[in-house]
Number of protein chains: 2
Amino acid sequence: MKSPGHVESVVTDAKLVEQRRGQILKAAVKLFSEKGYYITTVQQIAAKAGVSTGLIYQYFGDKDDVLFLALNRVLETYEREIPRRLEGIEHPVDQLCTGLWAYCSIVDGMREETVLAYRSTKSLRADRRNLIKEKETKTNRLLGECLHACIEQGHMNPVNEYLLVYQYVTFCHAWALKGWAFRGKFTLSDYVSEGIALLVEPFLTAKGRTALDSLRRRTNGFSAERWPKQQPARPRARNN
Amino acid sequence: MKSPGHVESVVTDAKLVEQRRGQILKAAVKLFSEKGYYITTVQQIAAKAGVSTGLIYQYFGDKDDVLFLALNRVLETYEREIPRRLEGIEHPVDQLCTGLWAYCSIVDGMREETVLAYRSTKSLRADRRNLIKEKETKTNRLLGECLHACIEQGHMNPVNEYLLVYQYVTFCHAWALKGWAFRGKFTLSDYVSEGIALLVEPFLTAKGRTALDSLRRRTNGFSAERWPKQQPARPRARNN
DNA sequence: CGACAAAATGAATGAACGCCCAGTCGCTTC
DNA sequence: GAAGCGACTGGGCGTTCATTCATTTTGTCG
């Protein structure tokens, strides 16, 4: 009830807290995203996680805490992984395209979690909803900065950046949200490169187009093989 | 439990059923979209609608029925109003742009309902979820046909239609979903014309561009005044 | 091994809520 | 004005579920 961002735990051993919370959150995310927050009962989470109901209250203050930490993990993954994948890339057009690819492929690795983040933010207590919204905005800014640099440096014609960034974000989320429709029609890398054709390419200057062509050549037409297909590096996922 | 699309009512007078359901749904939509389906109690709906809890069960079989009819109304409004606004418009580019405008302005008139449709479809019983999804698809097809005609008749270069239509749809929905962020920055008609600049204009052929220019001249740069700003014609809304 | 603490259990609790139904009200018919 | 009828009311039943806590298990250290 004090700082909205903190979650109390009765258990003191930090290592154990981390491990147990991971175990419980993994089960919770699956259930929440399948059936929704309110339908899922704490007993179901406990059963799926292989622990007792009481144990959950040793590691979380209440059910809302569970949702909050679940959402928080998703957004922190974005915030951590996207910059990591952009490291060492200098050219703004490369950055933008790689940013889109990174975002989409992280989404791909966390489809359930992404859907959850989309659908369940409103189920959080109001003070926490704002924390989550801020993190969302921070992620958007990552793509926004890439876009801005493209325009600033004359690779792209001036456009309504605000709106276009929003299109980028929904495009990436859509891979999770409408996955049932898209995944039959595209591979992930097709999806990204089609997206780039629709949402990046049309706005490039001649200079920018040259850069995109070069990127395409280097990455073999955005085929997955040549792209850095790193694992999302989920922290300490033990099995599978 | 028989046909998933039908909702039982104890009351026989069809006129009265229509009126009462409207009254109850209006309250329900407001509460559902503010607080979510599961948090909202039937007693709250009753209180807001100014009736007793028992009465709700005279007009709906259960709580799920209330949500279903609420969502159904939203989608039926789209399905009915968009074609109505396209009537008499021949040129495909005009059709597409007017379709986007129509969709956005209907969304604008039903912001709460649109958000509800987005967030709460998963709260429906499974058989009904599909009915709703079908209606959604049908609406998307309206824009899809406009886009297809543009390409077919050489006003637009070939693009990935499937993906672009999806961008159109999310663009229109975004006006309701991210309204808190957008409404400070754009008027609705600014929003639509910026959207057209981003998602239509870049793909036009020379021929198509001429058509768009002409449309812009006729509509005064998409300013709201010159567009057909019809009321959404919500059926029998009495007060305000 | 015994003692103690930390961690884990799961049955019990109590509050909330969907739905029902016995009863009231007001209108129509004869 | 009595009788019948459909609309409407709202208190309460039965269930579900978040949360608690008395108890057991596990692990550690002397």
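So you know, we letter chains A, B, ... as the sequences are listed, proteins then strands, and number each from 1.
- Side-chain atoms of A:Tyr78 and A:Thr114 include a donor-acceptor pair closer than 3.5 Å.
- Taking atom CG of residue A:Leu55 and atom C1' of nucleotide C:dA6, one finds them 12 Å apart after rounding to whole Å.
- One atom, CD1 of B:Ile45, and another, P of D:dC8, lie 17 Å apart when rounded to the nearest Å.
- Within a heavy-atom distance below 4.0 Å of DNA chain C, the residues of residues 56-65 of chain B found are B:Tyr57, B:Asp62, B:Lys63.
- Proximity of a side-chain donor or acceptor of B:Arg111 to a complementary backbone N or O of B:Asp108 within less than 3.5 Å is detected.
- Between B:Phe182 and A:Tyr162, the two ring planes are perpendicular [angle over 60°; tilted spans 30° to 60°].
- Side-chain atoms of A:Thr187 and A:Asp190 form a donor-acceptor pair, as typed in the model, at a separation below 3.5 Å.
- Between the CD atom of A:Gln44 and the C1' atom of D:dT16 there is a distance of 11 Å, rounded to whole Å.
- For the pair B:Gln43 and B:Val10, nearest-nucleotide mapping onto DNA chain D gives the more 5' position to B:Val10.
- Using a 4.0 Å heavy-atom cutoff across all strands shown, B:Ser9 reaches no nucleic acid atom at all.
- Using a 4.0 Å heavy-atom cutoff across all strands shown, A:Thr53 reaches at least one base atom of the nucleic acid.
- In this structure a side-chain-to-backbone donor-acceptor pair under 3.5 Å is missing from A:Gln58 to A:Val11.
- Checked by atom type, the side-chain pair B:Ser105/B:Arg85 shows a donor-acceptor distance below 3.5 Å.
- Under the 3.5 Å distance criterion, with hydrogens and angles disregarded, no donor-acceptor pair is assigned to the side chains of B:Tyr166 and A:Thr170.
- Within residues 27-38 of chain A, no residue approaches DNA chain C, by heavy-atom distance under 4.0 Å.
- The closest donor-acceptor contact from the side chain of B:Asn140 to the backbone of B:Leu143 lies at 3.5 Å or more, if one exists at all.
- Taking atom CD1 of B:Ile39 as the reference point, atom C1' of C:dC17 lies 13 Å away to the nearest angstrom.
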